[in-house]
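Read through the structure below, which is laid out as C-alpha cells, and then see the notes.
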Amino acid sequence: MLNDTLVLACFGLLATIAVTTSILILARGRFYHSLKPDSRPRRWVLFSLLFLFGVFLVWFPIWYLWPHSLVARVLLFLFSVTFFCVGMSLKWFGPFIDRVIKRSGRPLR
C-alpha cells in the first residue's frame with residue numbers, strides 16, 4: 001500500500017512539473033525567452049499533448065475504479081481515438097501542420 005502511494009505521488013509530481021513547464025512555454029514568458037529559438041517546442045505539439053493528458057486524467061480514474069462500466073468503455077474509446085490522432089499528427093502530419101501554420105502567419109514556435 002505504501003509503495004502504491006509513493007508511486008502515485010511521484011507520478012503526480014512528474015505530471016505537475018510537465019504541465020507547469022508546458023504552460024510556462026505556451027505563455028511565452030521569461031522561461032520561453034530563455035530557451036534558444038531552435039530548441040523551443042512547437043506550440044501545436046504542446047497543445048496536442050496537453051489535450052491528450054487532459055483526456056487521460058478524465059479516463060484513467062474512472063477506468064481504474066469501474067473498469068467494466070459503460071462510462072469507462074466510452075471514455076476508453078475517446079482516449080484511444082485521441083491517442084491515435086495525436087500520435088499520427090506527430091508522426092505523419094507534422095510537416096503538413098507546420099506548413100499550414102506558417103502560411104496562416106502564426107508563429108510556429
Side-chain angles (χ1 to χ4, degrees):
M1 185 67 177
L2 180 63
N3 289 336
D4 293 341
T5 306
L6 183 62
V7 169
L8 286 176
C10 288
F11 279 138
L13 178 66
L14 182 64
T16 304
I17 291 170
V19 169
T20 303
T21 305
S22 297
I23 290 172
L24 286 174
I25 290 172
L26 288 172
R28 293 187 180 185
R30 189 177 347 156
F31 181 71
Y32 175 79
H33 291 293
S34 70
L35 299 172
K36 295 178 188 175
D38 292 340
S39 66
R40 294 176 184 160
R42 288 172 168 78
R43 294 177 58 83
W44 68 267
V45 172
L46 286 178
F47 279 123
S48 299
L49 292 176
L50 281 175
F51 181 74
L52 179 63
F53 185 66
V55 172
F56 175 78
L57 286 179
V58 171
W59 163 72
F60 187 74
I62 294 173
W63 173 79
Y64 186 75
L65 294 174
W66 303 288
H68 301 293
S69 68
L70 179 63
V71 174
R73 291 180 184 188
V74 169
L75 288 174
L76 175 62
F77 177 73
L78 177 67
F79 176 71
S80 302
V81 168
T82 306
F83 188 82
F84 178 78
C85 290
V86 169
M88 290 302 105
S89 69
L90 292 175
K91 174 123 175 99
W92 290 343
F93 304 130
F96 174 72
I97 295 172
D98 288 346
R99 210 172 20 243
V100 168
I101 290 173
K102 284 181 184 177
R103 283 187 183 176
S104 69
R106 294 178 296 195
L108 184 61
R109 296 180 189 258

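Remember, it's a predicted structure, so these values are computed and weren't measured experimentally.
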For this session: Supply the members, apart from L14, of the Ile/Leu/Val/Met/Phe/Trp/Tyr cluster built from side-chain contacts under 4.5 Å; use none for a lone residue.
Result: none
Distance-only check: which donor-acceptor pairs under 3.5 Å involve side-chain atoms of residues 62-74, not counting sequence neighbours?
residue	atom	partner	partner atom	Å
S69	OG	W66	O	3.1
S69	OG	A72	N	3.2

Exercise. Is there a side-chain contact between L52 and F56, using heavy atoms and a 4.5 Å cut-off?
Worked result: no
With a cut-off of 3.5 Å and sequence neighbours excluded, list every side-chain donor-acceptor pair involving residues 19-31.
residue	atom	partner	partner atom	Å
T20	OG1	T16	O	2.7
T21	OG1	I17	O	2.8
S22	OG	A18	O	3.0

Exercise. Cluster question for you: counting only ILVMFWY and a side-chain heavy-atom cut-off of under 4.5 Å, with indirect links fine, are L57 and L13 together?
Worked result: no
For this session: Please list all pairs passing the side chain to side chain donor-acceptor pair (under 3.5 Å) test where one or both residues lie in residues 77-101, with sequence neighbours left out.
Result: R42-D98, W44-D98
Seminar exercise, completed: Residues passing the ring pair (Phe, Tyr, Trp, His ring centres under 6.0 Å) test with F93, sequence neighbours excluded, are none
For this session: Mark yes when over 12 heavy atoms from residues, nucleotides or ligands other than F77 sit less than 6.0 Å from its CZ; otherwise mark no.
Result: no
Exercise. If you group Ile, Leu, Val, Met, Phe, Trp and Tyr by side-chain heavy-atom gaps below 4.5 Å, do F47 and F53 land in one group?
Worked result: yes
Exercise. Passes side-chain contact (heavy atoms from CB on, under 4.5 Å), L49 versus L90? Steps please.
Worked result: CA-CA 10 Å; L49 292 176; L90 292 175; 4.2 Å; yes
Exercise. When clusters are formed by joining ILVMFWY residues with side-chain heavy atoms under 4.5 Å apart, either directly or through shared neighbours, do V81 and L76 land in the same one?
Worked result: no
Problem set entry | Any residue meeting side-chain hydrogen bond (donor to acceptor under 3.5 Å, both in side chains) with S104, in chain and number order, not counting sequence neighbours | R106
